[in-house]
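What follows is a single structure, written as structure tokens, with notes after it.
These numbers were taken from a predicted model, which means no experiment stands behind them. Chain letters run A, B, ... following the sequence lines, proteins first, then strands; residues in each count from 1.
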2 protein chains.
Amino acid sequence: MNKPLYQTAYDEILKLIAEGTFPPGSILPNEFEIGKRLNVSQGTARKALSLLEQKGVVQRRQGKGTFVTLRTPEDSLFNFYPLRDDQGQQVIPDLENESVTKRKATKAEQEILHDAPQEVFVISRYRTLNGSPLTLEESIVPAPLFPGLPERAPLPNAMYVLFQHAYACVIISAVEQLRAEILGEEKAGPHGLDPTSPVLVGRRESLDLLDRVVEIRTNIYFTTEAHYSAKLE
Amino acid sequence: MNKPLYQTAYDEILKLIAEGTFPPGSILPNEFEIGKRLNVSQGTARKALSLLEQKGVVQRRQGKGTFVTLRTPEDSLFNFYPLRDDQGQQVIPDLENESVTKRKATKAEQEILHDAPQEVFVISRYRTLNGSPLTLEESIVPAPLFPGLPERAPLPNAMYVLFQHAYACVIISAVEQLRAEILGEEKAGPHGLDPTSPVLVGRRESLDLLDRVVEIRTNIYFTTEAHYSAKLE
DNA sequence: GAGTGGTCTAGACCACTTT
DNA sequence: AAGTGGTCTAGACCACTCC
């Protein structure tokens, strides 16, 4: 029942990245060097690196090297942002409103989130596109994982970039459960929206490098100006 | 600018599968045999086969062999069916109503569908779950690709299985554009549904082995009994 | 030209399935 | 025991990037 060597190598490298030995944007040693350090051949090190690339943890460039994935405001402003316009282009929304508060975690949240935190931060945002409502987002993250988060307000547009830089927390996958609902008075009121609007409600759990759930998010999408793009498998 | 050998090998094998030389469910020659036939080493044949497996075209089993992917009513009744219940399990709906008609293709359909067909089949279905409405589906496929389709009614539950068996057309990927809408009188009427229901409307294009668009589908999902599960990247 | 990842080969051995 | 895919190694050469 031994793990394959390349799996062990994969885990070792991932651990070094998660620990901050190789921070986002930094370059990894070359294949031969990694193989030497982990006592495996270049081919095996290569396989581990290819798996890491497939997972999105690193990026490899012929002639340059292997780099730990860096989410920058420029090239990944809206990673995990599924909204597209009719031409299939990602839309660039405007942030209208934001709030960050701290509160006790519910039992349900403790069960799902990494480390069962006592307290969570709740980040609420309202975004528009061309003056029309686009999304209402409520993100719940463990407070212990992101000390001082409220003091950083206003948060950058792309929150995951902040997570990565300030807290060495790299989000690499997320699943979302979607339902169609009517917006309702409670959600519509604060921003003066039409409570009878049909909206797409997404409940998301986001996983970091080590497959820990570091965010529970509820997104309300208004799909008049944009649509939600999903790939089926 | 030469293609890598493994890419050529991949294309060759895919072509043989698409042509029916290796029909779904059949076994492929082993790695050494394929390498010999295509004048590449076993390692290169292996890489091509691994890519095919990644794409979902073949399935490999240690000790058994490499098999062309076979969608059976049992194990993939609802491939590309994104609806799940609250436990994350795929739901098994009941088919209430079905119709298959032929009509002229619109210009928009011709532009999107493979081979710009003059005529298309329109397959409409209504499904329920536990007595509640679940989906209204309208599938548009090129008539020339599926001769005699209407005579095969009632169609099996899983249409893609039929496509594969009777027409050697294997669907391997699909993208869907989602919006939240109100059902409306026109769609609600025929089945006596509540026209004020909020519904999730998905417009899907399905691709086959050779990346040809062989289906345009509009799905209306009722998300009271189930939700739509999406994976973000 | 030196260094990197990408391709390709040849061969060895392991793990699983079937006969 | 025979046959398959899975792992691992060692070495060669190619293509790209940077100095």
Side-chain angles (χ1 to χ4, degrees), chain A residues 1-17 21-70 72 74-75, chain B residues 1-17 21-70 72 74-75:
Chain A
M1 273 325 298
N2 270 327
K3 268 195 300 188
L5 274 185
Y6 68 82
Q7 216 11 282
T8 314
Y10 174 98
D11 293 340
E12 299 255 8
I13 300 167
L14 187 58
K15 192 179 157 204
L16 290 173
I17 293 174
T21 308
F22 298 109
S26 67
I27 185 169
L28 258 53
N30 70 43
E31 298 177 347
F32 287 93
E33 184 61 29
I34 288 182
K36 199 173 148 195
R37 290 205 207 174
L38 303 181
N39 289 309
V40 297
S41 73
Q42 169 266 347
T44 302
R46 178 180 183 74
K47 176 138 191 177
L49 289 170
S50 296
L51 283 177
L52 285 166
E53 182 177 38
Q54 213 175 308
K55 261 262 191 182
V57 180
V58 302
Q59 288 167 324
R60 318 192 72 198
R61 299 284 168 238
Q62 183 171 161
K64 299 185 75 173
T66 302
F67 302 84
V68 182
T69 295
L70 179 67
T72 67
E74 294 78 34
D75 68 11
Chain B
M1 274 322 299
N2 270 326
K3 268 194 302 190
L5 274 183
Y6 68 80
Q7 210 21 276
T8 315
Y10 173 99
D11 293 341
E12 299 255 8
I13 300 167
L14 187 57
K15 191 179 157 204
L16 290 173
I17 293 174
T21 309
F22 299 109
S26 66
I27 185 170
L28 258 51
N30 69 44
E31 298 176 348
F32 286 92
E33 184 61 29
I34 288 181
K36 199 171 149 195
R37 292 204 207 174
L38 303 181
N39 289 309
V40 297
S41 74
Q42 168 265 348
T44 302
R46 178 179 183 77
K47 176 137 191 178
L49 289 169
S50 295
L51 283 177
L52 285 165
E53 183 178 38
Q54 214 175 309
K55 261 263 192 180
V57 179
V58 302
Q59 289 167 323
R60 318 192 72 197
R61 300 281 169 241
Q62 185 172 164
K64 298 184 74 173
T66 302
F67 301 85
V68 181
T69 295
L70 179 66
T72 67
E74 294 77 33
D75 67 11

Please list, for nucleotides 1-3 of chain D, all pairs of protein and nucleotide N/O atoms separated by less than 3.5 Å.
residue : atom : partner : partner atom : Å
dG3(D)  : N2   : G63(B)  : O            : 3.1

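To the nearest 0.5 Å, the span separating CG on L38(A) from CD1 on I13(A) amounts to 6.0 Å. Residue T66(B) holds its OG1 atom at 6.0 Å from CG of L28(B), rounded to the nearest 0.5 Å.
For I27(A), the side-chain contact (heavy atoms from CB on, under 4.5 Å) partners at least two apart in sequence or on another chain are F67(A). Residues passing the salt bridge (charged side-chain N to carboxylate O under 4.0 Å, His left out) test with R61(B), sequence neighbours excluded: none. Remark: P23(A) pairs with S26(A) by the side-chain contact (heavy atoms from CB on, under 4.5 Å) rule, at least two apart or across chains. Taking T69(A) as the reference, nothing meets the side-chain hydrogen bond (donor to acceptor under 3.5 Å, both in side chains) condition, with sequence neighbours excluded. Q62(A) pairs by the side-chain contact (heavy atoms from CB on, under 4.5 Å) definition with nothing, not counting sequence neighbours. In this structure, E12(B) has no salt bridge (charged side-chain N to carboxylate O under 4.0 Å, His left out) partners at least two apart in sequence or on a different chain.
Side-chain nitrogen and oxygen atoms of T66(A) include none within less than 4.0 Å of the OP1 or OP2 phosphate oxygen of dT4(C). Put simply, Y6(A) has no side-chain N or O that comes within less than 4.0 Å of OP1 or OP2 on dC8(D).
Between F22(A) and P29(A), the closest side-chain pair of non-hydrogen atoms falls below 4.5 Å.
For residues 34-44 of chain A, every residue pair satisfying the salt bridge (charged side-chain N to carboxylate O under 4.0 Å, His left out) rule, not counting sequence neighbours, is listed here: E33(A)-R37(A).
Remark: C1' of dG6(C) and CG of L5(B) are 13 Å apart, rounded to the nearest angstrom. Between Q59(B) atom CD and dT4(D) atom P there is a gap of 19 Å when expressed in whole angstrom units. The interatomic distance linking F67(A) (CZ) with dC18(D) (C1') rounds to 11 Å, in whole Å. For the pair R60(A) CZ and dG3(C) C1', the interatomic distance rounds to 14 Å; values are reported in whole Å. Between E31(A) atom CD and dT7(C) atom P the separation is 11 Å, expressed in whole Å. L28(B) has its CG atom 12 Å from the P atom of dT4(D), to the nearest Å. When the P atom of dT7(D) is taken as reference, atom CD of Q7(A) falls 9 Å away, rounded to whole Å.
Residues of residues 38-56 of chain A that place a heavy atom closer than 4.0 Å to DNA chain D, in numerical order, are V40(A), S41(A), T44(A), K47(A).
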Identify every side-chain donor-acceptor pair in residues 45-55 of chain B under 3.5 Å, counting partners at least two apart or on other chains, and give the distances.
residue : atom : partner : partner atom : Å
R46(B)  : NH1  : E31(B)  : OE2          : 2.6
S50(B)  : OG   : R46(B)  : O            : 3.0
E53(B)  : OE2  : R60(B)  : N            : 3.3

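Recorded end-axis angle for the helix from dG1(C)-dC18(D) to dT18(C)-dA1(D) stands at 10°, based on five pairs per end and rounded to 10 degrees.
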